[in-house]
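Values reported hereafter were calculated over all heavy atoms of this structure, with side chains retained and with hydrogens, waters and symmetry mates removed.
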Amino acid sequence: LEQASTKAKVIRADLEAASKARNKLTATYRKEDSKMIQELHQQMVDLEGLSGHLPKLVERLQQLSGLHVKASTFGTRLEELERSATTVEGTVSQLEQTMGELKVSMKHNLLAMQQNLVKLDERLQKL
């Protein structure tokens, strides 16, 4: 944008010089020269309105460059989060399964302990 601004200023200076030269032309000027001067003048007029906005545009684009960088890495970060979430879900599922097996095992152990205590009580009563 800075290059465009510089180019616009150069074109504007050229167009102003061309406009002055146009005023000095005599009856010997060529039709192509007149057309070129008119085109350059029109470019100057078109770019004149744009040149005032260029500094603000450059500033805004610089401000948005950081956001653009963050947005470009967002997809990658999201994919990494999804992979992590999948891993966590698998781990939680395994833990739930292990906890279920632990409950069943503890019930069996508790039942075996109760049966052993009953047998132990019976033996103690016999003595």
For L110, side chain to side chain contact (heavy atoms under 4.5 Å, CB included) partners two or more places apart: Q114
Residues clustered with M99, ILVMFWY side-chain links under 4.5 angstrom: L102, M106
Residues which pass salt bridge (Lys or Arg N to Asp or Glu O under 4.0 Å) with E16, listed by chain and number, not counting sequence neighbours: R12
Between NZ on residue K56 and CG on residue L54, distance to nearest 0.5 Å: 11.5 Å
Single-linkage hydrophobic cluster M36~V45, side-chain heavy atoms < 4.5 angstrom: no
Results of side chain to side chain contact (heavy atoms under 4.5 Å, CB included) for R123 - residues two or more places apart only: none
All side chain to side chain contact (heavy atoms under 4.5 Å, CB included) counterparts of E122, not counting sequence neighbours: V118
Reported OG1-to-NZ distance for the pair T98 and K103, which is rounded to 0.5 angstrom: 12.5 Å
Spatial distance of atom CG (D14) from atom CG (L40) [nearest 0.5 Å]: 7.0 Å
Check: T87 main-chain N/O paired with T91 side-chain donor or acceptor under 3.5 Å: yes
Euclidean distance, T76 OG1 relative to L81 CG, rounded to 0.5 Å: 11.0 Å
Other ILVMFWY residues reachable from V92 by side-chain steps of under 4.5 Å: V88
Straight-line distance of M113 CE to H108 NE2, nearest 0.5 Å: 15.0 Å
Show every donor-acceptor pair shorter than 3.5 Å between a side-chain atom in residues 62-75 and any protein atom, with sequence neighbours excluded, or say none if there are none.
{"unit_1": "Q63", "atom_1": "OE1", "unit_2": "R60", "atom_2": "NH1", "d": "3.3"}
{"unit_1": "S65", "atom_1": "OG", "unit_2": "Q62", "atom_2": "O", "d": "2.8"}
{"unit_1": "S72", "atom_1": "OG", "unit_2": "V69", "atom_2": "O", "d": "2.6"}
{"unit_1": "T73", "atom_1": "OG1", "unit_2": "K70", "atom_2": "O", "d": "3.1"}
{"unit_1": "T73", "atom_1": "OG1", "unit_2": "R77", "atom_2": "NH1", "d": "3.0"}

Backbone of E101 reached by a side-chain donor or acceptor of S105 within 3.5 Å: no
Partner residues of Q43 under the side chain to side chain donor-acceptor pair (under 3.5 Å) criterion, sequence neighbours left out: none
Pairing residues for Q42 by the side chain to side chain donor-acceptor pair (under 3.5 Å) criterion, not counting sequence neighbours: D46
